[in-house]
Amino acid sequence: MGLHRPVSRELLVELHAHYLAERGGPTLRPEPVDAAFAWATSAVQGASSLLVPHTGGYLAFDYLIDLPELASVPESSWQTLLERTSPEDSVDIGWAAVDLMRPLVALRAFDAGRRHGLADADYAHAIALGNAGRPAEAVQRLRALLEERRAAWGDEHPLTLNTWHDIARYLAEAGHPGQAIEVLIRVVGDRTRLLGPRHEQTLAARSGLARFTSDAGDHEGAVRRFHGVLPDMEEVLGPQHLEVWLTRQDLARALGRAGRSVEALALTRRVHAALVDALGTAHPWALSSRYEEAVLTGRTGRPAEAVELLRAVLVDQQRVLGLHSRTLSTRHQLGRFLASDGHLEEGLRLLDEVIVDQSRFHGPDHPRTLASCRERAIVRDALAQRTNGS
């Protein structure tokens with residue numbers, strides 16, 4: 001959760017209660033707290049203990065922190081931690097929440113930093129706004145912060161260019177991929193000139209440009225851009241780097257949109273296996289690749305199989321992410337493929353429900369909400385034709 005200092009005994013005891021209760025609480029007949037701490041601080045086979053005593057409390061052994069299956073953190077733990085930590089710690093917790101795709105937690109954490117005037121907390125809060133389904137508001141905030149950075153450091157400072165990059169990202173999310181492309185073309189040019197064509201930040205902008213090209217409807221053009229940037233990313237970052245795998249997933253998505261679903265599905269399965277190896281099955285990126293596999297399965301003419309895959313990933317997404325744009329996308333696709341498999345009434349019901357939540361999370365005019373409304377109209381029309389035909 002991003003807390004990098006020793007944790008007090010009292011806080012650990014409070015946090016552990018949430019996990020203990022989920023597994024049965026008193027029915028497990030847990031040992032006394034003193035005995036539990038003695039066990040957790042005992043060295044195992046000459047190695048470290050699980051908890052390492054430290055001035056001011058305890059640190060977790062590195063192995064525990066690196067376990068990929070720990071990506072799922074319950075809401076109660078975030079809430080407890082934010083109530084017990086300083087504003088400075090809250091900013092670190094907020095960035096951990098961003099990494100684990102918990103934007104509402106990040107908003108609360110960064111807001112604590114903003115109230116205490118911490119450096120860059122306003123910028124972090126704008127990023128969390130965009131991730132929490134409010135991209136237009138994020139763009140507005142980022143444009144104001146852009147002017148501050150331009151005044152302080154100039155147009156060519158790396159942080160100024162980073163702001164332009166983030167503006168492009170949320171412009172695309174708000175349904176303006178054409179504007180995002182215009183911004184990123186400039187960013188790619190500036191970063192190429194200032195940092196070089198194979199700098200990590202230049203590569204990130206080139207990858208984003210390919211992604212937004214697909215969002216704008218030019219899927220084959222996006223595929224060409226991805227094929228152009230991926231070899232450079234693999235050489236600079238390494239073929240197993242996380243950003244390389246995520247870019248391959250974006251390529252697979254563009255391939256699927258271009259009608260090359262079989263090719264896209266094979267690549268997505270490779271990406272999913274790599275992400276599970278690196279991050280574990282519960283990490284949001286691994287869940288996203290499962291979602292992409294389900295959608296592509298439906299696009300290859302197997303809607304019933306897609307429905308089963310989507311139902312399974314939705315359970316895990318709701319446990320890990322809660323109300324989130326990715327969970328809403330899964331529910332949208334579930335309704336869509338149920339309808340295409342002939343279950344029109346159930347598909348319509350699910351689309352009705354997801355539109356309510358999308359309107360609450362994204363707003364009624366967000367492109368994703370409108371896409372679900374269009375899908376609902378198609379299903380209603382099909383249902384009416386079937387009713388009239390019978």
Side-chain angles (χ1 to χ4, degrees), residues 22 68-78 97-105 131-133 173 246 249-250 252-253 256-257 261 264-265 268-269 271-273 275-276 279-363 366-376 378-379:
E22 286 183 357
E69 295 303 327
L70 295 181
S72 178
V73 179
E75 183 69 22
S76 55
S77 293
W78 294 107
V98 169
D99 290 341
L100 293 177
M101 297 187 191
R102 301 294 291 270
L104 300 180
V105 173
N131 296 344
E173 176 64 23
L246 295 179
Q249 182 64 80
D250 288 335
R253 189 179 301 112
R257 291 173 172 176
S261 299
L265 184 57
T268 293
R269 285 172 173 162
V271 170
H272 178 64
L275 293 178
V276 168
L279 305 172
T281 58
H283 194 280
W285 287 122
L287 295 176
S288 292
S289 64
R290 281 176 61 193
Y291 160 83
E292 296 292 347
E293 180 180 351
V295 172
L296 287 165
T297 298
R299 286 180 177 170
T300 56
R302 294 173 286 166
E305 187 176 344
V307 165
E308 293 308 309
L309 291 171
L310 287 166
R311 287 193 196 279
V313 73
L314 180 61
V315 170
D316 290 336
Q317 282 182 324
Q318 289 178 325
R319 173 177 56 84
V320 173
L321 300 174
L323 181 62
H324 190 280
S325 61
R326 292 172 187 264
T327 311
L328 293 169
S329 293
T330 302
R331 291 167 60 192
H332 165 95
Q333 295 292 349
L334 181 56
R336 172 190 169 208
F337 284 117
L338 275 167
S340 66
D341 194 40
H343 305 283
L344 295 174
E345 293 89 348
E346 186 179 1
L348 182 60
R349 177 180 60 79
L350 288 179
L351 287 168
D352 282 338
E353 293 173 354
V354 78
I355 287 168
V356 172
D357 287 339
Q358 282 176 328
S359 297
R360 179 160 58 95
F361 187 83
H362 292 298
H366 190 278
R368 298 189 188 195
T369 308
L370 296 177
S372 292
C373 290
R374 286 192 295 271
E375 193 67 37
R376 178 177 62 181
I378 293 171
V379 175

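Side chains are part of it too, since the values below use all heavy atoms of this structure and drop only hydrogens, waters and symmetry mates. Throughout, numbering of the chain's residues begins at 1 and tracks the sequence.
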Checklist entry - So, do Gln318 and Arg331 sit near enough that their side-chain heavy atoms are less than 4.5 Å apart? => result yes
Checklist entry - Does some side-chain heavy atom of Leu100 sit less than 4.5 Å from a side-chain heavy atom of Trp78? => result yes
Checklist entry - Does some side-chain heavy atom of Leu323 sit less than 4.5 Å from a side-chain heavy atom of Thr327? => result no
Item to check | From CG (Leu334) to OH (Tyr291), nearest 0.5 Å | outcome: 11.0 Å
Next on the checklist: Which heavy atom of Pro367 sits nearest to which heavy atom of Arg374, and what is that distance?
Outcome noted: O-NH2, 4.4 Å
Next on the checklist: So which atom in His324 and which in Pro103 form the shortest heavy-atom distance, rounded to 0.1 Å?
Outcome noted: CD2-CD, 3.5 Å
Checklist entry - Under 3.5 Å, is there a donor-acceptor pair between the His362 and Thr369 side chains? => result no
Item to check | Heavy-atom closest pair, residues Trp285 and Leu275 | outcome: O-CD1, 3.6 Å
Item to check | Distance-minimising heavy-atom pair for Ser261 and Thr300 | outcome: CB-CG2, 3.5 Å
Next on the checklist: To the nearest 0.5 Å, what is the distance between CD on Glu305 and CG on Asp341?
Outcome noted: 11.0 Å
Checklist entry - So does Glu75 pair up with Arg319, basic N to acidic O under 4.0 Å? => result no
Next on the checklist: Show, in sequence, the C-alpha distance, side-chain angles and deciding distance for Glu293 and Arg299, and conclude whether the salt bridge (Lys or Arg N to Asp or Glu O under 4.0 Å) test is met.
Outcome noted: CA-CA 10 Å; Glu293 180 180 351; Arg299 286 180 177 170; over 6 Å; no
Checklist entry - Using a distance-only test with no angle check, is there a side-chain donor-acceptor pair under 3.5 angstrom linking Ser372 and Gln358? => result yes
Checklist entry - Which of these, Ile355, Val354, Leu321, sits in a side-chain contact (heavy atoms from CB on, under 4.5 Å) with Leu328? => result Val354
Item to check | NZ/NE/NH1/NH2 to OD/OE distance under 4.0 Å, Glu173 and Arg368 | outcome: yes
Checklist entry - Heavy-atom distance under 4.5 Å between the side chains of Leu348 and Arg376, does that happen here? => result yes
Item to check | Gap separating the CZ atom of Arg102 from the CG atom of Asn131, nearest 0.5 angstrom | outcome: 13.5 Å
Checklist entry - Rounded to the nearest 0.5 Å, how far apart are OG of Ser340 and CZ of Arg302? => result 13.0 Å
Item to check | Exam field: side chain Ser77 to backbone Val73, donor-acceptor pair closer than 3.5 Å | outcome: no
Next on the checklist: Side chains of Leu287 and Met101, heavy atoms from C-beta outward: is any pair under 4.5 Å?
Outcome noted: no
Next on the checklist: Could you check whether any side-chain heavy atom of Pro284 comes within less than 4.5 Å of a side-chain heavy atom of Arg326, counting everything from C-beta outward?
Outcome noted: no
Next on the checklist: Apply side chain to side chain contact (heavy atoms under 4.5 Å, CB included) to residues Arg290 and Asp316 and explain how you reach the verdict.
Outcome noted: CA-CA 10 Å; Arg290 281 176 61 193; Asp316 290 336; 2.8 Å; yes
Next on the checklist: Once rounded to the nearest 0.5 Å, what's the spacing between atom CG of Leu350 and atom CD of Gln333?
Outcome noted: 12.5 Å
Item to check | Donor-acceptor contact below 3.5 Å, side chain His283 vs main chain Val276 | outcome: no
Next on the checklist: Does this structure show an ion pair linking Arg349 with Asp352, if we count only N-O contacts that are shorter than 4.0 Å?
Outcome noted: no
Checklist entry - Does the Ser329 side chain pair with the main chain of Ser325, one donor and one acceptor, at a distance under 3.5 Å? => result yes
Checklist entry - Would a 4.5 Å heavy-atom cut-off, applied to side chains only, mark Leu314 and Arg311 as touching? => result no
Checklist entry - Could you walk me through whether Gln317 and Thr330 pass the side-chain hydrogen bond (donor to acceptor under 3.5 Å, both in side chains) check? => result CA-CA 9 Å; Gln317 282 182 324; Thr330 302; 2.5 Å; yes
Checklist outcome for this item: Between Gln249 and Ser289, the two heavy atoms sitting closest are OE1-CB, 3.4 Å
Item to check | Heavy-atom pair with the smallest gap, counting every atom of Ala339 and Leu344 | outcome: O-CD2, 3.5 Å
